[in-house]
Amino acid sequence: MANSRSSAIGTTMEDSGFRGERWLNGECVEAHMILYVDRYAPKSTAVASSFLWGSLESNGAETTLKRMAKPLEKFTQKSVVLVPMALSVEQHWVLAAVYLKERRIVMYDSNISSDRKKEGKMIAELFEKA
């Protein structure tokens, strides 16, 4: 049985982000991550908005925290926060897993030649301030 977080999933292919030749959009990636977490992950796992990374990348940690302080509060009781990241320059999705209690970030990237230290530091700065 799906909970209220799963209601974000579109009911048509167009609602889900499959439009013509375009790649998956943030809403589609986020909805599928929420569905997976609802069904298979421990209750201590949360999914951040796919827009969190875009705000962080464009505006920095201070501004993002001011804009998203309320949504970020709900993560303080979780042990893992999954952050989907659309890297606009590379047109590539990366997943950051933020282990709050361990104060550790793991970057999951299918492009093994990439160094994700910059992105990891930006995510860490945001969660340090939250």
Set of side chain to side chain contact (heavy atoms under 4.5 Å, CB included) partners for E102, sequence neighbours left out: Y99, R104
With a 3.5 Å distance limit and no angle check, can you tell me whether [X] reaches the backbone of [Y] through a side-chain donor-acceptor pair?
X: T64; Y: S55; result: yes
X: T45; Y: A41; result: no
X: K74; Y: A46; result: no

Between atom [atom1] of [X] and atom [atom2] of [Y], what is the distance when rounded to the nearest 0.5 Å?
X: E119; Y: E57; atom1: CD; atom2: CD; value: 7.5 Å
X: L65; Y: N59; atom1: CG; atom2: CG; value: 12.0 Å
X: R67; Y: T63; atom1: CZ; atom2: OG1; value: 6.5 Å
X: L82; Y: E30; atom1: CG; atom2: CD; value: 11.5 Å
X: K121; Y: E125; atom1: NZ; atom2: CD; value: 11.0 Å
X: K101; Y: S44; atom1: NZ; atom2: OG; value: 6.5 Å

Contact summary for W53 and A86, nearest pair of heavy atoms: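 W53 and A86 have their closest heavy atoms at CD1-O, 3.6 Å.
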For the student: nearest non-hydrogen atoms of A48 and L52, plus distance: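 The answer is CB-CD2, 3.8 Å.
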Contacts of type side-chain hydrogen bond (donor to acceptor under 3.5 Å, both in side chains), residue S49, not counting sequence neighbours: none
Residues L56, M85; criterion side chain to side chain contact (heavy atoms under 4.5 Å, CB included); working and verdict: CA-CA 10 Å; L56 183 59; M85 301 165 53; over 6 Å; no
Verdict with reasoning, F127 to I105, per side chain to side chain contact (heavy atoms under 4.5 Å, CB included): CA-CA 10 Å; F127 280 92; I105 297 174; 5.8 Å; no
Partner residues of Y36 under the ring-ring contact (aromatic ring centres under 6.0 Å, His included) criterion, sequence neighbours left out: Y40
Non-hydrogen side-chain atoms of T76 and L100 separated by less than 4.5 Å: no
same_hphob_cluster(F51, L126) at 4.5 Å side-chain heavy-atom cutoff: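 Each belongs to a different hydrophobic cluster.
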M107/L95 under side chain to side chain contact (heavy atoms under 4.5 Å, CB included): CA gap, chis, key distance, verdict: CA-CA 6 Å; M107 304 293 286; L95 178 67; over 6 Å; no
CA sep, side-chain torsions, deciding dist, call: V29, S50, side chain to side chain contact (heavy atoms under 4.5 Å, CB included): CA-CA 8 Å; V29 169; S50 57; 5.6 Å; no
